[in-house]
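A note on names: the letters A, B, ... follow the listed sequences, proteins ahead of strands, and every chain is numbered from 1.
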Protein chains: 2
Amino acid sequence: MPAVAREVDRFQQFLQQQGLKLTSERTALVREIFSTHYHFEADELLFKMKEKSVKISRATVYRTLELLVKSGMVRRVHLGEDHYHYEHVSGNSHHDHLICTTCGGVIEFHDEEIERLQRAICEKKKFTPTFHNLQILGVCESCTRRGETPDAPDRVKMIQATRLRK
Amino acid sequence: MPAVAREVDRFQQFLQQQGLKLTSERTALVREIFSTHYHFEADELLFKMKEKSVKISRATVYRTLELLVKSGMVRRVHLGEDHYHYEHVSGNSHHDHLICTTCGGVIEFHDEEIERLQRAICEKKKFTPTFHNLQILGVCESCTRRGETPDAPDRVKMIQATRLRK
DNA sequence: CCCTAAACTGAGACTCAGTCTCAACTCGTC
DNA sequence: GACGAGTTGAGACTGAGTCTCAGTTTAGGG
Ligand SMILES: [Mn+2]
Ligand SMILES: [Mn+2]
Ligand SMILES: [Zn+2]
Ligand SMILES: [Zn+2]
């Protein structure tokens, strides 16, 4: 019944299908990802687990994320920084991102018309699309009101501070 | 008169404006970038220079690329791999990319209608865009004809082979 | 043309995200 | 409950990119 349990189940399903195993580590990660995180970094997740005294190695975090991406339950995205971010897909379907370069905030959007035009272009170029990725960088409403200049995201520092490693 | 010389000049202009200097290394890099490369990686450029026996350090390559990006003459893009690619902007204005995940080929496109819709979304979300980035991954025409499955780009291996480092 | 301060360079140490290895362990099925 | 395939963690490793600093080059004022 709890939504998180359902996600663990979905993952279990996928793993079984692949002849893989559901371990306590994998369960813990899925629960964490689907109960709190939305857009997150691998190391952030690693740290969160450490915080909760759930001991999971860096390797396992990366390996599990890879599986989750393969299963389609998690998406790996570029958000304008030089490493990947992840987001769980759960019910929510495809969308793209507006990314504030001042506060690091992310606004999601979906525009069927843009999607349609993309398909049209692919057709014209005889290109078979499998996936796409649209990021618009800029300054969000509240940052604009605070008169922020678009540059060095504070979030980078924030996350850096949050991080432990070693 | 040669187009490349004009680009060196543009860069000179920019550097002067910033109180920076045009060095032989920077000149060599601009000449190389604007005469042969289109989408390229930093290390690929480093290697090309080594090949031509123009000795330029890794640090200088990265520093110069950063300046070129600041000057607007070069754009830094994600092409679906986990490191940056660069492309010179010269006359050619904004465009986005179709990227073949089989052969690594890149097709450029520009669709004013998509651009317009993006602006509309930003307006609706009260977001001030400064920049955007749209990649569509998939399989190009010739790869489709060769019946290639969309996966592991050969280009990665190709580039890896091309590379020297140390 | 020369002098000089400011900018620049290369070598290599360093960082950091991500991957790999391998011995010890765990899951799930028989 | 036994077994083998699959998994784990520790830590070594990779590769892109950054930083440091001593020595070098540039540009522009004299
Ligand atoms: Mn999202
Ligand atoms: Mn391009
Ligand atoms: Zn903001
Ligand atoms: Zn192709």
Given atom [atom1] of [X] and atom [atom2] of [N], what is their separation to the nearest angstrom?
X	N	atom1	atom2	value
A:E66	D:dG6	CD	P	16 Å
B:I56	C:dC8	CD1	P	14 Å
A:E81	D:dT18	CD	C1'	16 Å
B:L45	D:dA16	CG	C1'	14 Å
A:L15	C:dT29	CG	C1'	16 Å
B:K55	D:dT25	NZ	P	11 Å
A:Q12	C:dG28	CD	C1'	10 Å
B:H83	C:dT15	NE2	P	24 Å

Pick the nucleotide of DNA chain C nearest each of A:A42 and B:V61; which residue has the one closer to the 5' end? B:V61

Closest nucleotide of DNA chain C for B:L20 versus for A:A59: which of these residues is on the 5' side? B:L20

So, [X] and [Y], do they make that salt bridge, N to O below 4.0 Å?
X	Y	answer
A:R116	A:E113	yes
A:E32	A:K52	yes
B:R63	B:E66	no
B:E112	B:R119	yes

Looking at [X], I'd like to know whether one of its side-chain N or O atoms comes within less than 4.0 Å of OP1 or OP2 on [N].
X	N	answer
B:Y62	D:dG17	yes
A:S57	D:dT8	no
A:Q16	C:dG28	no
A:R26	D:dT7	yes

Drop me the distance from [X]'s [atom1] to [Y]'s [atom2], to the nearest 0.5 angstrom.
X	Y	atom1	atom2	value
A:L67	A:L20	CG	CG	6.0 Å
A:M73	A:Y86	CE	OH	15.0 Å
B:S71	B:Q17	OG	CD	10.0 Å

A:H39 pairs by ring pair (Phe, Tyr, Trp, His ring centres under 6.0 Å) with which of A:H88, A:H78, A:H97?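 The option that passes is A:H97.
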
Atom pairs under 3.5 Å, N or O on each side, protein against nucleotides 23-27 of chain C: can you list them with distances?
from   : atom 1 : to    : atom 2 : distance (Å)
C:dC27 : O2     : A:K21 : NZ     : 2.8

Parallel, tilted or perpendicular: ring planes of A:Y38 versus A:H95, cut at 30 and 60 degrees: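 Aromatic pair A:Y38/A:H95 classed tilted.
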
Helical bend (five base pairs per end, nearest 10°) for the helix from C:dC1-D:dG30 to C:dC30-D:dG1: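 Nearest ten degrees gives 30° for this helix.
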
List for me each residue that meets side chain to side chain contact (heavy atoms under 4.5 Å, CB included) alongside A:K21, sequence neighbours excluded, and say none if there are none.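 Side chain to side chain contact (heavy atoms under 4.5 Å, CB included) list for A:K21, sorted by chain: empty.
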
Please determine whether any donor N or O and acceptor N or O are separated by less than 3.5 Å between the side chain of A:R63 and the base of D:dG9. yes

